[in-house]
Amino acid sequence: MIDLRSDTVTQPSQAMRRAMAEATVGDDGFGEDPTVRLLEAESAAAMGKEAALFFPSGTMANQAALHLHGRPGYEVMCEAQSHIVVHEMGAMAALNGMQPLPISSRGGRLDPQVLKQVLSARGDYQPPVALLAVENTHNMAGGRVSGLEELAALLELAEEFGLPTHLDGARIFNAACALDLPVSRVAEGFDSVMFCLTKGLGAPVGSMLCGGRSFIKRARRVRKMFGGGGHQIGVLAAAGLVALRDGPARLAEDHRLARRLADGLTNLPGIDLDPSAVVTNIVIFEVQSGEGTTPASDSKDAPASQFCDRLETIGVRAVPLSSRQVRMVTHRDLSSQDIDQAVSGMRSMHS
Ligand SMILES: *Cc1c(COP(=O)(O)O)cnc(C)c1O
């Protein structure tokens, strides 16, 4: 199977497995796991923040950050298709008592002018806004990258309205790679940053929340409250250290494979893809359907769902994102040959 469903499907490397087996560990509940401490120190340094905390998942780290920046009854200003809105099981409401203030965008690009209008029009009978959350790269927008100018405009606006800022940087290393900048520059100015060790970096588990020292101290309590405290988790952090140290260097190749895939898909009949939208490791395209109404996205009859079923029969896996949209993601367990084979398989599917 050529698995293009996500960059989370990678197998831990031999180096990771060895590091896990050999890790020096202690009880992280007492702050005594040296491998966890090392991962936290290196993560904070990479992001240019004072401190970092190891979490079991990106969802928990994001929600802990929202918990600390906000309070029940408040709103989280964010792009409408953000992971914190559409893929975290309603945790913003269920765990934090907050609701999104979703801002629609073109292709994941938050427009500071629109944000300004929304914030300026807030009255006394509307929920207060707790923070601005930004996602970079933006998953549902096809791995779109926000550059430094765009980020600076958003940060400036947040400052003007006194809002703290959180960056969902699940794939911030992909953004840094695409921008050819140190990752700390991409994280600069945000009060907190979450990044995943499990996406392109290839670890089996774990995400990091980075920020100021007192923020991270409080985040430890929230992580415990959310059930995410650990003990000899250095065995997991050891894999995370390999991911953090060796993972970023691979991402340019993932991006090259995504470009190769996008170029291959562009000319296939029945597929609607804007190749210029592919800038990191995510490729989202639409499949055309016949006449008539489009079934619901979760229906087995939806064109995207049927397309993915047919893909399975030629040994390729992808996920339907909506009734017509299909997502493919490149990662370290794929080669150029895999991409070429997937493209030629899809070409034959149509003939
Ligand atoms: C993967 C991802 C997360 C975190 O997901 P977990 O599976 O909970 O680790 C958060 N935000 C974005 C944009 C993601 O792609």
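One-based numbering, in listed order, for ligands and for the atoms of each.
In this structure, atom 8 (O) of ligand 1 has protein heavy atoms in its sub-4.0 angstrom surroundings.
Contacts classified as salt bridge (charged side-chain N to carboxylate O under 4.0 Å, His left out) and involving residues 69-79 (residues at least two apart or in different chains) are given here: Glu75-Arg122.
Using a 4.5 Å heavy-atom threshold, the side chains of Met328 and Ile282 count as separate. Residues Leu321 and Met140 have side chains in contact (heavy-atom distance under 4.5 Å, counting atoms from C-beta outward).
Shortest contact from atom 10 (C) of ligand 1 to any protein heavy atom: His83 ND1, 3.3 Å. The nearest heavy-atom contact from the protein to atom 11 (N) of ligand 1 is Asp168 OD2, 2.7 Å. The closest protein non-hydrogen atom to atom 1 (C) of ligand 1 is Lys199 NZ, 1.3 Å. Looking only at heavy atoms of the protein, atom 13 (C) of ligand 1 is closest to Glu135 OE2, 3.2 Å. Nearest protein neighbour of atom 4 (C) of ligand 1, counting heavy atoms only, is Gly58 CA, 3.5 Å.
Residue contact check: Asn139 has heavy atoms under 4.0 Å from atoms 15 (O) of ligand 1. Taking every heavy atom of Ser57 and a limit of under 4.0 angstrom, the matching atoms of ligand 1 come to 8 (O), 9 (O).
Residue Thr198 has no nitrogen or oxygen atom sitting less than 3.5 Å from a nitrogen or oxygen atom of ligand 1, judged on distance alone. Ligand 1 has a nitrogen or oxygen under 3.5 angstrom from a nitrogen or oxygen of Thr59. Distances between N or O atoms of Glu88 and those of ligand 1 include no value under 3.5 Å.
By the criterion of a heavy-atom distance under 4.0 Å, neither the backbone nor the side chain of His87 is placed next to ligand 1. In Asn62, the part holding a heavy atom less than 4.0 Å from any atom of ligand 1 is the side chain. Under 4.0 angstrom from ligand 1, the non-hydrogen atoms of Arg171 all belong to its side chain. Under 4.0 angstrom from ligand 1, the non-hydrogen atoms of Met194 all belong to its side chain.
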> Can you list the steps and then say if Asn62 with His166 is a side chain to side chain donor-acceptor pair (under 3.5 Å)?
Replying inline: CA-CA 8 Å; Asn62 272 339; His166 174 67; 2.8 Å; yes
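For His69 and Phe215, the distance between ring centers is under 6.0 angstrom. The aromatic ring centroids of Phe307 and Phe285 lie less than 6.0 Å from each other.
Looking only at distances, a side-chain donor or acceptor of Asp191 sits under 3.5 Å from a matching main-chain atom of Thr165. Checking side-chain atoms of Ser305 against main-chain N and O of Asp301 turns up no donor-acceptor pair under 3.5 Å.
The ring-ring contact (aromatic ring centres under 6.0 Å, His included) test applied to Phe190 returns no partner, not counting sequence neighbours.
When hydrophobic clusters are built by joining Ile, Leu, Val, Met, Phe, Trp and Tyr residues whose side-chain heavy atoms come closer than 4.5 Å, directly or via intermediates, Ile233 is grouped together with Met208.
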